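Small disclaimer: the values here were computed from a predicted structure and weren't measured. Naming convention: chains lettered A, B, ... in sequence-line order (proteins, then strands); numbering from 1 in each chain.
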There are 2 protein chains.
Amino acid sequence: MSCTGQYVPQLRARGYRMTPQRLVILHVLHHSKKHVSPSQVYELAKKDLPGLTEPTVYRTLEFLAENGLARSSQQKNGHIAYEIAGHEHHHLVCRVCGREAEVDHALLKSMYKKLESESGYQLTDSHLTFFGLCPRCQ
Amino acid sequence: MSCTGQYVPQLRARGYRMTPQRLVILHVLHHSKKHVSPSQVYELAKKDLPGLTEPTVYRTLEFLAENGLARSSQQKNGHIAYEIAGHEHHHLVCRVCGREAEVDHALLKSMYKKLESESGYQLTDSHLTFFGLCPRCQ
DNA sequence: TATGTTATTATAAAAACTTGCAATAAGGAA
DNA sequence: TTCCTTATTGCAAGTTTTTATAATAACATA
């Protein structure tokens, strides 16, 4: 679980603490190839930390997302799933088969700029989920 | 509640039926200025149709969204709220105060085109929620 | 290392949301 | 109008997510 030690300074700097629960949840996210739901995180993390509870998982995932260590994204069913924060990207999800594609943020950068200048808002969040039909399902 | 009769043909054409429950829920959405949560819809609609149940509200809202009569949008708390489908637009939500701004879809149209041609996906859904800081909260 | 502050957790209970299924009723056909 | 098909609903029970609060433990300080 050494891979997750890198996150400690990010928390400390903000006055937050690193705990076994946060470590184990970061570890799960770090090693998941795809998004994982809160309940999946709970099941996986529980193996390494049996005392872990569900409310803690929900709160921790939200906490990690708020602090930029994780990223939340909307699923086809409306639920939220999480992944470790890596490079900025977005998701395309097929309404029919669920197939996902990743879109680099670079593709949307100019649109973000335009949106910010027109609205006066400063966009802090940069994960979007687009729904549509994948090439196979059209 | 005559204002909602306009939606009947849209359902019939797809083989679906118009029911008192759907009418009353459409009526609520039609007359709500902002997004409403499923439980808000339930409370409001129940006044006109006392027998209405919560599962029906959830199912109906999802149904209406799937069929283009309503639009769902993610809230700051991660929950989903609904509004009547009108002109295509997106939302900007302030992370701090919750203030919302509307963005016309026209502003994103070229980005959508680019996204479609690069990914091969055909984007069916066009409601996005952007999170950030509004001018007052920056 | 020992101590104090306070962020974080587990617990328990509530609220929000979903699902399966039998009963109902919308609307097409006779 | 009456009958029939099947989309839709209500009910009841389940699952998921949230909230309040008291107990715990991280870590700054001495």
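- Take Thr19(A) and apply the side-chain contact (heavy atoms from CB on, under 4.5 Å) test, not counting sequence neighbours, and it matches Gln21(A), Arg22(A).
- Side-chain contact annotation: His127(A) with His89(A), donor-acceptor N/O pair under 3.5 Å absent.
- As a whole-Å value, the separation of Asn67(A) CG from dA7(C) P is 13 Å.
- Heavy-atom distances under 4.0 Å link DNA chain C to no residue of residues 33-44 of chain B.
- Atoms NE2 (His79(B)) and P (dT17(D)) sit 9 Å apart, rounded to a whole Å.
- Qualifying salt bridge (charged side-chain N to carboxylate O under 4.0 Å, His left out) partners for Glu118(A), counting only residues two or more places apart in sequence or in other chains: none.
- Checked against the 6.0 Å centroid threshold, Phe63(B) and Tyr16(B) count as a close aromatic pair.
- Pairs engaging residues 90-105 of chain A under the salt bridge (Lys or Arg N to Asp or Glu O under 4.0 Å) rule: Arg95(A)-Asp125(B) [sequence neighbours left out].
- At whole-Å resolution of the value, CD in Glu66(A) and P in dT8(C) are 11 Å apart.
- Rounded to whole Å, the distance from CD1 on Ile80(B) to P on dT16(D) is 17 Å.
- Considering only side-chain N and O atoms, Tyr58(B) lies nowhere under 4.0 angstrom from the phosphate OP1 or OP2 of dT18(C).
- A donor atom on one side chain and an acceptor atom on the other are found under 3.5 Å apart for Tyr7(B) and His30(B).
- Residues passing the salt bridge (charged side-chain N to carboxylate O under 4.0 Å, His left out) test with Glu66(B): none are found, sequence neighbours excluded.
- Side-chain contact check for His91(A) and His35(A): at least one donor-acceptor pair (N or O, by modelled atom type) lies under 3.5 Å.
- Position along DNA chain C of the nearest nucleotide to Arg12(B) versus Glu54(B) favours Glu54(B) as the more 5'-ward residue.
- Arg71(B) has its side chain out of reach of Ile84(B): every pair of non-hydrogen atoms, C-beta onward, lies at least 4.5 Å apart.
- Separating the CG atom of Leu61(A) from the P atom of dT16(D) is a distance of 15 Å, rounded to the nearest angstrom.
- In this structure, Lys46(A) atom NZ and dT9(C) atom C1' are separated by 17 Å, rounded to whole Å.
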Listed pairs, N/O of protein and of nucleotides 7-11 of chain D, under 3.5 Å:
from    : atom 1 : to       : atom 2 : distance (Å)
dA7(D)  : O4'    : Arg17(B) : NH1    : 3.4
dA7(D)  : N3     : Arg17(B) : NH1    : 3.4
dT8(D)  : OP1    : Arg17(B) : N      : 2.8
dT8(D)  : OP1    : Arg22(B) : NH1    : 2.3
dT8(D)  : OP1    : Arg22(B) : NH2    : 3.3
dT8(D)  : O5'    : Arg22(B) : NH2    : 3.2
dT9(D)  : OP1    : Thr19(B) : OG1    : 3.0
dT9(D)  : O3'    : Gln21(B) : NE2    : 2.9
dG10(D) : OP1    : Gln21(B) : NE2    : 3.3
dG10(D) : OP1    : Gly51(B) : O      : 3.3
dG10(D) : OP2    : Thr53(B) : OG1    : 3.2
dG10(D) : OP2    : Thr56(B) : OG1    : 2.5
dG10(D) : N7     : Arg59(B) : NH2    : 3.0
dG10(D) : O6     : Arg59(B) : NH1    : 3.0

